[in-house]
Amino acid sequence: MLDADIRVPAEAKAALTALAAAEGLSLRACLIRLAGTAGMPPTSAERACEALHAWNGYAPTTAEQRALDRELDRRLAAHEAQGSARAG
């Protein structure tokens, strides 16, 4: 893939850099992700998050979402291990 130089105001670069850092991404990775999602309709997960926020103000941070994802992964792995133990 070829790289490209893009000129943006310093304020825009600072905002994008802050967005990338909040997501744990490099600026390059953040821009690639943004380019891949531009013009895409929101996913069902995004719609669910928007509905929860509108309903009760629920708006987890990126760190909280990651922690919740890890907990869900842990619980799913434990459930799958129980199923394997019963089958074996």
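Counting all heavy atoms, side chain and backbone alike, A20 lies closest to C30 at CB-CB, 3.5 Å.
Other residues sharing a hydrophobic cluster with L72 under the 4.5 Å side-chain heavy-atom criterion for ILVMFWY residues are L76.
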Can I get a per-line list of side-chain donor-acceptor pairs under 3.5 Å for residues 9-17, giving both atom names and the distance, sequence neighbours left out?
{"unit_1": "T17", "atom_1": "OG1", "unit_2": "K13", "atom_2": "O", "d": "2.8"}

Please list every donor-acceptor pair under 3.5 Å in which a side-chain atom of residues 47-56 meets a protein atom from a residue at least two apart or in another chain.
{"unit_1": "R47", "atom_1": "NH1", "unit_2": "P42", "atom_2": "O", "d": "2.7"}
{"unit_1": "H53", "atom_1": "ND1", "unit_2": "Y58", "atom_2": "O", "d": "3.4"}
{"unit_1": "N56", "atom_1": "OD1", "unit_2": "Y58", "atom_2": "N", "d": "3.0"}

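No donor-acceptor pair under 3.5 Å is formed between the side chain of Q82 and the backbone N or O of H79.
E80 pairs by the side chain to side chain contact (heavy atoms under 4.5 Å, CB included) definition with nothing, not counting sequence neighbours. Under the rule for a side chain to side chain contact (heavy atoms under 4.5 Å, CB included), the partners of R70 that lie at least two apart in sequence or sit in another chain are R66, A67. A21 meets the side chain to side chain contact (heavy atoms under 4.5 Å, CB included) test with no other residue; sequence neighbours excluded. Residues satisfying the salt bridge (charged side-chain N to carboxylate O under 4.0 Å, His left out) criterion with E71, sequence neighbours excluded, are R74, R75. Partners of T62 according to the side-chain hydrogen bond (donor to acceptor under 3.5 Å, both in side chains) rule, which considers only residues two or more places apart in sequence or in another chain, are E23. Evaluation of the side chain to side chain contact (heavy atoms under 4.5 Å, CB included) rule for A18 yields no partner, not counting sequence neighbours.
Taken from CG in L19 to CG in L25, the straight-line distance is 8.0 Å, to the nearest 0.5 Å. Between the CG atom in L68 and the CD atom in Q65 there is a gap of 7.5 Å [rounded to 0.5 Å].
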